[in-house]
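Since the structure comes first, as structure tokens, the remarks are kept for the end.
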Amino acid sequence: MLMPKGVGAALLALGLAGAVMSPDAQAQDGVHTVTTDTAFTQVIADLEDAIVNRGYVVDYHGHIGDMLERTAADVGGRKLYRNAEFLQFCSAVVSRNAMEADIANIAFCPYIVFAYEAETKPGEVVIGFRELPTGPGRDEVNTLLTEIVDQAANGL
């Protein structure tokens with residue numbers, strides 16, 4: 001397979017960088033996170049409240065940590081999280097504004113916020129979301145998600 005000059009080296013560098021990263025490395029750029037010492041179950045309840053109290057509905061509550069723990073033996077993995085979950089939701093108003101600003105913003109809906117407690121750092125809960133690229137309609141979504149995460153981190 002032919003690649004443009006420099007692409008092969010760039011892919012190799014990315015692969016090697018990923019291979020030597022610590023399992024406890026911080027999230028990549030483009031992910032907004034905050035850390036709290038609030039109990040994980042309370043953080044999830046606060047995240048859900050921060051969403052629902054704005055009039056939104058949580059469409060799905062994913063249990064990533066449970067799935068990874070359940071499949072660890074099958075894939076030769078180790079336990080990464082004591083707890084890891086995400087909440088998925090959408091906002092008719094915010095989403096409409098984003099999509100009216102740029103119809104391609106459909107790619108960013110629904111919105112997801114997450115929380116996890118690493119196996120190696122019990123008692124430290126990370127809360128966050130994947131940031132949308134800046135731009136018309138997306139900035140409002142980033143503001144909303146930041147408010148939700150920050151509110152949950154501060155215990156409502």
Side-chain angles (χ1 to χ4, degrees), residues 10-95 97-99 105-135 137-156:
L11 290 173
L12 178 60
L14 284 173
L16 291 175
V20 297
M21 283 183 67
S22 161
D24 294 323
Q26 290 297 314
Q28 300 293 320
D29 287 339
V31 178
H32 174 91
T33 60
V34 295
T35 304
T36 181
D37 60 1
T38 303
F40 183 83
T41 54
Q42 185 62 53
V43 168
I44 289 296
D46 290 345
L47 265 175
E48 187 163 5
D49 286 347
I51 293 167
V52 171
N53 290 346
R54 286 174 168 77
Y56 310 139
V57 174
V58 173
D59 297 319
Y60 186 74
H61 184 157
H63 299 270
I64 298 170
D66 292 347
M67 179 274 300
L68 290 173
E69 186 171 347
R70 191 174 55 252
T71 60
D74 297 333
V75 298
R78 63 183 174 81
K79 186 168 181 180
L80 301 171
Y81 304 102
R82 288 180 178 250
N83 298 289
E85 300 177 16
F86 71 88
L87 301 174
Q88 173 183 301
F89 70 99
C90 205
S91 159
V93 173
V94 175
S95 296
N97 290 343
M99 290 174 218
N105 283 338
I106 192 172
F108 304 110
C109 194
Y111 312 124
I112 296 173
V113 292
F114 63 84
Y116 69 85
E117 180 181 12
E119 183 65 25
T120 58
K121 295 183 180 179
E124 180 180 292
V125 177
V126 177
I127 312 166
F129 67 93
R130 211 173 342 171
E131 295 174 334
L132 281 63
T134 59
R138 297 181 300 269
D139 296 338
E140 182 181 358
V141 175
N142 283 329
T143 298
L144 169 68
L145 296 174
T146 298
E147 290 171 357
I148 288 170
V149 165
D150 290 352
Q151 187 175 7
N154 293 318
L156 292 179

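Everything numeric in this text was worked out from a predicted model, so none of it was measured.
- Annotation: the span from Glu119 atom CD to Leu68 atom CG amounts to 12.5 Å, rounded to 0.5 Å.
- For Arg82 (side chain) and Glu117 (main-chain N/O), no donor-acceptor pair under 3.5 Å exists by modelled atom type.
- Interatomic distance, Glu69 CD to Asn83 CG, rounded to the nearest 0.5 Å: 9.5 Å.
- Atom CD of Glu124 sits about 13.5 Å away from atom CZ of Phe40, to the nearest 0.5 Å.
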*Carefully, step by step, assess Phe108 and Val141 under the rule side-chain contact (heavy atoms from CB on, under 4.5 Å).*
CA-CA 9 Å; Phe108 304 110; Val141 175; over 6 Å; no
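- Nearest heavy atom pair, residue Cys90 against residue Tyr111, reads CA-CD1, 4.2 Å.
- Nearest heavy-atom pair across Met99 and Asn105 is CG-C, 4.1 Å.
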*Verdict with reasoning, Thr38 to Val125, per side-chain contact (heavy atoms from CB on, under 4.5 Å)*: CA-CA 7 Å; Thr38 303; Val125 177; over 6 Å; no
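- Here the side chain of Asn142 pairs a donor or acceptor atom with the backbone of Leu132 at under 3.5 angstrom.
- When every heavy atom of Tyr81 is checked against every heavy atom of Gly65, the shortest pair comes out as CD1-CA, 4.5 Å.
- Minimum heavy-atom separation, Leu47 to Ala115: CD1-CB, 4.1 Å.
- Contact of the Asp150 side chain with the His32 side chain is registered, since non-hydrogen atoms from C-beta on lie closer than 4.5 Å.
- At least one side-chain heavy atom of His61 sits less than 4.5 Å from a side-chain heavy atom of Ile44.
- Here OH of Tyr116 is found 14.5 Å from CD of Glu85. Values are rounded to the nearest 0.5 Å.
- Of the N and O atoms on the side chains of Asp59 and Gln88, not one donor lies less than 3.5 Å from an acceptor on the other residue.
- Counting heavy atoms from C-beta on, the side chains of Leu144 and Arg54 come closer than 4.5 Å.
- Ring geometry, Phe89 versus Tyr56: the interplanar angle falls under 30°, so the pair is classed parallel (tilted spans 30 to 60°).
- Checked options Val31, Ile148, Thr146, Ile112; the residue passing with Phe129 is Thr146 (criterion: side-chain contact (heavy atoms from CB on, under 4.5 Å)).
- Sparse packing is recorded around CZ of Arg130, with 12 or fewer heavy atoms of other residues, nucleotides or ligands lying under 6.0 Å away.
- Rounded to the nearest 0.5 Å, atoms CG (Leu145) and CD1 (Ile51) are 8.5 Å apart.
- To the nearest 0.5 Å, atom NZ of residue Lys121 and atom CG of residue Asp37 are 14.0 Å apart.
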